[in-house]
Amino acid sequence: MNIVLLGYMGCGKSSIAKALADQLKMNSIDLDDYIEDQENKTITQIFADHGEIYFRKREHQYLKKLLETHTNHIISLGGGTPCFAGNMELLKGNNQNKSVYLRTSLEELVDRLFIEKEKRPLIAHIATKEDLKDFIRKHLFERSFYYNQAAHIVSTDAKTVDQIAEEIESTLF
Ligand code: S3P
């Protein structure tokens, strides 16, 4: 069984995956890190060199490969992973994958992402907090269709990473 964490950029997928892995004595793996290792480039470099479409194709291939080669892992996806290339169908098609959408409010996402947007090619160019908020509002609206197909939904607002990990455990087991 794999536990697959998904949600918008900045919702805490990677840190929650690590906390949950400690708690459940499992290993965690982050899809973005896996892609960077396999391609030997950062996500930012992949976007800059080849563009988003190339990234989405690779992301799909590496998600498949990761799911085929890993069991008993906590897997954190990239924010866009569920929304492209039939990835959500892939996840739903195998009942060995337990998917959890980490739902975070627009306000919390804007606050977190404004200070760390440079690392994210899709939002790095947005200059003001107001513009970032508009962008995320629309993007989240489009993406929620996919995120809401997760088997479980856990809200993250005003909770610590450890509290969220506890809540995921009690939701799943
Ligand atoms: C993306 C999110 C990023 C990374 C890439 C694209 C997205 O992952 O996969 O920059 O489309 O939302 P994080 O959610 O881990 O930042």
Side-chain angles (χ1 to χ4, degrees), residues 2-21 27-67 70 73-91 97 99-126 129 131-150 153-157 161 164-165 168:
N2 286 311
I3 299 173
V4 182
L5 303 185
L6 57 102
Y8 202 74
M9 293 177 265
C11 72
K13 298 178 292 285
S14 318
S15 31
I16 295 165
K18 286 189 189 125
L20 188 60
N27 291 311
S28 68
I29 182 158
D30 182 81
L31 179 62
D32 281 343
D33 293 345
Y34 185 70
I35 296 172
E36 290 186 340
D37 283 351
Q38 302 269 323
E39 294 273 299
N40 210 11
K41 275 183 184 185
T42 64
I43 301 291
T44 301
Q45 276 169 334
I46 300 173
F47 268 74
D49 293 350
H50 305 284
E52 182 175 354
I53 294 173
Y54 172 90
F55 173 76
R56 296 303 173 194
K57 285 187 188 149
R58 290 289 169 175
E59 180 181 46
H60 175 67
Q61 289 164 353
Y62 287 126
L63 174 65
K64 266 170 78 177
K65 187 168 168 191
L66 201 158
L67 291 171
H70 291 69
H73 274 70
I74 317 287
I75 300 175
S76 48
L77 303 183
T81 317
C83 318
F84 293 90
N87 292 336
M88 205 60 216
E89 294 303 318
L90 179 71
L91 289 174
N97 303 318
S99 58
V100 182
Y101 168 28
L102 301 172
R103 190 176 58 204
T104 308
S105 68
L106 176 64
E107 288 66 28
E108 284 212 14
L109 291 173
V110 174
D111 284 343
R112 285 188 210 161
L113 288 171
F114 192 65
I115 47 178
E116 46 174 75
K117 65 188 172 70
E118 308 319 324
K119 283 179 276 173
R120 280 140 169 138
L122 291 179
I123 54 170
H125 63 285
I126 302 176
K129 218 169 172 178
D131 286 350
L132 183 64
K133 191 170 186 176
D134 282 346
F135 178 90
I136 297 176
R137 184 188 293 110
K138 288 182 199 136
H139 212 194
L140 204 50
F141 179 75
E142 292 163 4
R143 287 183 166 189
S144 297
F145 170 76
Y146 298 95
Y147 295 159
N148 283 323
Q149 295 177 39
I153 300 179
V154 169
S155 162
T156 69
D157 282 356
V161 165
I164 298 162
I168 296 172

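For this chain, numbers begin at 1 and follow the sequence in order. In listed order, ligands and their atoms are each counted from 1.
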| query | Which class fits the ring pair Tyr8 and Tyr147: parallel under 30°, tilted 30 to 60°, perpendicular over 60°? | reply |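 The arrangement is perpendicular - the two ring planes meet at more than 60°.
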message = Would you say that Lys41 contacts Ile35 through its side chain, given a criterion of any heavy-atom pair below 4.5 Å between the two side chains?
response =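 No, every pair of side-chain atoms sits at 4.5 Å or beyond.
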Q) Which heavy atom in Ser76 sits nearest to a heavy atom in Ser14, and how many Å separate them? A)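 For Ser76 versus Ser14, the nearest heavy atoms are OG-CA, 3.9 Å.
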Looking at every heavy atom in both Pro82 and Leu6, which two are closest together, and how far apart are they?
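Nearest heavy atoms, Pro82 then Leu6: CG-CB, 3.9 Å.
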Margin query: So that I can tick it off, tell me whether Glu116 and Arg112 are bridged by a salt bridge, with the cut-off set at under 4.0 angstrom between side-chain N and carboxylate O.
Written below: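 Glu116 and Arg112: not salt-bridged.
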Pair Glu59, Leu31 - check side-chain contact (heavy atoms from CB on, under 4.5 Å), show working. CA-CA 8 Å; Glu59 180 181 46; Leu31 179 62; 4.0 Å; yes
Within the protein, residues bringing a heavy atom under 4.0 Å of ligand 1, chain by chain:
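Within the 4.0 Å shell of ligand 1, which is judged on heavy atoms, sit Met9, Lys13, Asp32, Ile43, Phe55, Arg56, Gly78, Gly79, Gly80, Arg120, Pro121, Leu122, Arg143.
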